[in-house]
Undergrad: 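Before we start, here is the structure in question, set down as C-alpha cells.
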Protein chains: 2
Amino acid sequence: MYRKADLSPILEELDATEGLDGLQAVSIGLRDALEIDHIVYHWVDSAGEQYGCGTYPADWIQRYIDKEYLRVDPVIVGCFQRFHPVDWKAVDWSGKAARVFLADALKNGVGNQGYSIPVRGPSGQFALFTANHNCSDEEWSEFKETYGHDLILIAHYFNRKALDFEENRSPQPVRALSPREVDALTFLALGYSRAQVAHSLSISEHTLRVYIESARFKLGALNTTHAIAKALSQGLIVM
Amino acid sequence: MYRKADLSPILEELDATEGLDGLQAVSIGLRDALEIDHIVYHWVDSAGEQYGCGTYPADWIQRYIDKEYLRVDPVIVGCFQRFHPVDWKAVDWSGKAARVFLADALKNGVGNQGYSIPVRGPSGQFALFTANHNCSDEEWSEFKETYGHDLILIAHYFNRKALDFEENRSPQPVRALSPREVDALTFLALGYSRAQVAHSLSISEHTLRVYIESARFKLGALNTTHAIAKALSQGLIVM
DNA sequence: TTTCCACTCCCCAGAAATAGTGAGGGGAAG
DNA sequence: CTTCCCCTCACTATTTCTGGGGAGTGGAAA
C-alpha cells in the first residue's frame, strides 16, 4: 500500500522556480518524492516545435525528436482530444507505427505505465505532464488513486511556469480579430463557400473578402486555409 | 484569520455528480463551505451561446445574457488571454462599456471581489470558474492565499463534469486518416499551396489531390478548408 | 488468393479564391 | 477634433482549386 508523500515542499519549490533548469530540478525532486521512474513536462508547440523538461534519458528525447515520434505517439493524440488525464493503457495503440514507437520507448528506458495530463493555455498552447513508471497494473492504479489530484495541480503549475518563461522571451503581439472577421472565418471553417458566407452574413462577397484578407493579414497567414488553421489553433474561433 | 475548511467532501460529491443540476448543487455547497457570496462555473462558447451554473441571482444571469455582457466583460477577456487565475481587480476596466457593466453587476448582487480561473478543454473549449465575494482587499487576499490551490483543482473537476455531459449528448465517430492524408492536410494547414505541398511530399500534384479528396470524404467535409478545420479541431492533425 | 486499401500518376474544363487597386460612413479614444 | 479602426461596397486579371474521368503498383488482411 502506498503511503502518501507530502508534496507541499515540492509545490513551494515549484512556485519559487525560475527558468527551465529550475523546472528540470523540480521534476527530479518530484520523481524522487513519488518514487517513480520518470516525470516529464512536454510543451507541444503549434508550429511542431517542442520543448520540455523531465527525467527521460537524453538519448530517448533525442530519438523522439529525430524520428518525429510526435506525429506517431498515440498519447499525444489521446491527450489532445481529451480533458481527462489519460492512462497510457487507455489510448489507441492499434496502429503499426504506434506499436513500433512503444517498443522503441520501452527499449529506451521508458516505463510501461504512464499517466499523462493534458494542459492547455491561451492561444491554443498545449502541453502534457506525464508520470511514468515500470510496474504492474495494480500498483499503478494505486499510484493514480493516491496522487491523481496532486498531479493535476502540479501539471497546472508546471505549465504556468513554462508560460511565464515563454512570455518573457517573446511577448506575442496577438492582434485580436474584429467580430466580423471572426464571423467570416468561422463560417469558412464550417465549409461554406465565400458566396454562402456572404449570404449568411448579409453582406456582399466583396466585403467578405476584405474581412478575410484583413484577418489573413492580422494572423500573418499565407492564405485563407492557413488563416483558419491559425485562428482555430489559437482558439480565436471555434467550430 | 481564515480557518481553512475541509473541501474533500465537496470534491467527492463533485466526483459523483451527474448532470448540470448536480453541479448546481455542488456549487451551492462549495459556496457555503468557503463562506463566500458566490461560486460560478461559466462555459463560454464562441458561437455566443453559453451555459453555466452557480449561485448568481437568476435576474443577473438573464440580464447578462440579454445585454450581451459576454462581449463586454473584461474578466472574460482577461481570462481568455491568461493561464493564471485572474483577480478582478487586476483586469482592465478602462473601457466605458466595462465600467457600465461593473456598476450594473454590483447593483445586481455581485460582490466587489472576484477570482476567476480559466479552464480550457479540447477543440478550443473554454470556461471560467469564479469565486465572488463582498469584502475588503485584505480579506480577499487571505481567501485567495488559503484556497487558491483548491479552487484550481475544483475548477478542473467542474469542467471535466461539464465536458462529460456534453460528450454524452453528442458522441462522434472518427475515422482515422492515412499517414499521407495527415501529411497533406498538415502542410495545407501550414499555408502551403498544393504545388508546394506536392513538392514537399515529393509527389505529383495530382496524387496530392487524391489524398486531399479522400481525406475530405472521410471527414465528411465540404471542401479543403472544412477538412482542415475538422481535422484540426478533432486533433487528427497538429500544426 | 483474392480483395481490399494506400499510394502513385495523368488530362481537362469550370468554379472559386487571390492580388492589385479604389471609396465612403460611423464610432471610440486620445 | 483628429486619428484610427471597423464596416460596407465595387472592378479586373490571374492563379489556384475542384470535380469528372481513368490506370497501375504493392502490401495487408480476410
Side-chain angles (χ1 to χ4, degrees), chain A residues 71-72 94-100 173-231 236, chain B residues 68 71-72 74 77 92-101 175-229 236:
Chain A
R71 310 238 174 242
V72 172
S94 64
K96 192 186 158 193
R99 287 194 301 270
V100 171
V174 193
R175 225 162 97 211
L177 299 175
S178 79
R180 272 325 221 185
E181 286 160 358
V182 172
D183 292 341
L185 293 191
T186 303
F187 277 107
L188 288 175
L190 292 172
Y192 297 113
S193 71
R194 292 208 303 203
Q196 288 173 307
V197 175
H199 182 253
S200 299
L201 296 178
S202 306
I203 55 176
S204 77
E205 206 177 321
H206 310 282
T207 304
L208 173 69
R209 215 192 51 188
V210 176
Y211 296 142
I212 299 170
E213 279 177 15
S214 76
R216 251 207 337 257
F217 181 73
K218 284 181 184 172
L219 294 168
L222 297 165
N223 53 40
T224 301
T225 302
H226 193 199
I228 285 160
K230 280 198 160 192
L236 300 173
Chain B
E68 293 198 311
R71 309 234 176 246
V72 174
V77 179
D92 177 24
W93 294 97
S94 65
K96 192 185 158 193
R99 286 194 301 270
V100 170
F101 161 69
R175 216 165 109 210
L177 299 174
S178 80
R180 270 326 220 185
E181 286 160 357
V182 172
D183 292 342
L185 293 190
T186 302
F187 276 107
L188 288 175
L190 293 173
Y192 296 114
S193 71
R194 294 208 303 203
Q196 288 173 306
V197 176
H199 182 252
S200 299
L201 296 177
S202 305
I203 56 176
S204 77
E205 206 178 322
H206 312 279
T207 304
L208 173 68
R209 216 191 53 189
V210 176
Y211 295 143
I212 298 170
E213 280 177 15
S214 77
R216 251 205 338 255
F217 181 73
K218 285 182 184 171
L219 294 168
L222 297 165
N223 53 41
T224 302
T225 301
H226 194 198
I228 284 158
L236 299 172

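Order of the sequence lines fixes the chain letters, A, B, ..., with proteins taken first and strands second; residue numbering starts at 1 for each chain.
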Undergrad: One pair to check against side-chain contact (heavy atoms from CB on, under 4.5 Å): A:R180 and A:T207. What are the steps and the verdict?
TA: CA-CA 10 Å; A:R180 272 325 221 185; A:T207 304; over 6 Å; no
Undergrad: Please round to the nearest 0.5 Å and tell me the distance separating atom NZ of A:K230 and atom CG of A:L185.
TA: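 A:K230 NZ to A:L185 CG: 12.5 Å, rounded to 0.5 Å.
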Undergrad: Let me confirm one number: the CG-OG distance from A:L219 to A:S214, rounded to the nearest 0.5 Å.
TA: 9.0 Å
Undergrad: Phosphate oxygens OP1/OP2 of C:dC5: is one of them under 4.0 Å from a side-chain N or O of B:K218?
TA: no
Undergrad: What's the CG-C1' distance between B:L185 and D:dC17, to the nearest Å?
TA: 15 Å
Undergrad: Would you mind building the protein contact string for nucleotides 14-20 of chain C? One character per nucleotide, 5' to 3', B for base within reach (heavy atoms under 4.0 Å), S for sugar-phosphate only, - for untouched.
TA: ---BBBB
Undergrad: What's the closest nucleotide to the side chain of B:R180 if the choices are C:dC7, D:dT8, D:dC6?
TA: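 Of C:dC7, D:dT8, D:dC6, C:dC7 is nearest to the side chain of B:R180.
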Undergrad: Hey, is the side chain of A:T207 poking within less than 4.0 Å of OP1 or OP2 on D:dC9, counting only N and O atoms?
TA: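 Affirmative; the distance criterion is met.
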Undergrad: Partners of A:S200 by side-chain hydrogen bond (donor to acceptor under 3.5 Å, both in side chains), sequence neighbours excluded?
TA: none
Undergrad: To the closest 0.5 Å, what do you measure between CD1 (B:I228) and OG1 (A:T224)?
TA: 11.0 Å
Undergrad: For A:D183 and D:dC6, what is the distance between atoms CG and C1' respectively, to the nearest whole Å?
TA: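 Interatomic distance, CG of A:D183 to C1' of D:dC6: 13 Å.
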Undergrad: Do nucleotides 22-30 of chain C as a string where each nucleotide becomes B, S or -: B if the base has a protein heavy atom under 4.0 Å, S if just the sugar-phosphate does, - if no protein is that close.
TA: ---------
Undergrad: Just report the end-to-end axis angle for the helix from C:dT1-D:dA30 to C:dG30-D:dC1, five pairs per end, to 10 degrees.
TA: 70°
Undergrad: Starting at atom CD of B:Q196, determine the distance to atom P of D:dT16, rounded to an integer number of angstrom.
TA: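 Atom-to-atom, B:Q196 to D:dT16, this comes out as 9 Å.
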Undergrad: For B:R209, give me all partners under salt bridge (charged side-chain N to carboxylate O under 4.0 Å, His left out), at least two apart in sequence or on another chain.
TA: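 B:R209 satisfies salt bridge (charged side-chain N to carboxylate O under 4.0 Å, His left out) with B:E213 only.
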Undergrad: Calculate the interatomic distance between A:H206 atom NE2 and D:dT12 atom P; express it in whole Å.
TA: 10 Å
Undergrad: Take atom OH of B:Y192 as the centre, draw a 6.0 Å sphere, and report whether it contains more than 12 heavy atoms from other residues, nucleotides or ligands.
TA: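 It does not: B:Y192 OH has 12 such atoms or fewer within range.
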Undergrad: Please report the distance, rounded to the nearest Å, between CD1 in A:I203 and P in D:dC9.
TA: 7 Å
Undergrad: Nearest 0.5 Å, what's the CD1-CD distance between A:I212 and A:E205?
TA: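 A:I212 CD1 to A:E205 CD: 8.5 Å, rounded to 0.5 Å.
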Undergrad: How many whole angstroms separate atom CD of B:E181 from atom P of C:dC7?
TA: 7 Å
Undergrad: For the atom pair CG (B:L208) and CD (B:E181), what is the distance rounded to the nearest 0.5 Å?
TA: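 Here the interatomic distance stands at 11.0 Å.
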Undergrad: To the nearest 0.5 angstrom, please state how far the CG atom of B:N223 sits from the OG1 atom of A:T225.
TA: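 The CG atom of B:N223 sits 8.0 Å away from the OG1 atom of A:T225.
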Undergrad: Output the rounded distance in Å from CG (B:L201) to P (C:dA6).
TA: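 The answer, rounded to whole Å, is 16 Å.
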Undergrad: Using the salt bridge (charged side-chain N to carboxylate O under 4.0 Å, His left out) criterion, which residues pair with B:R216? Sequence neighbours excluded.
TA: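 For B:R216, no residue satisfies salt bridge (charged side-chain N to carboxylate O under 4.0 Å, His left out) once neighbours in sequence are set aside.
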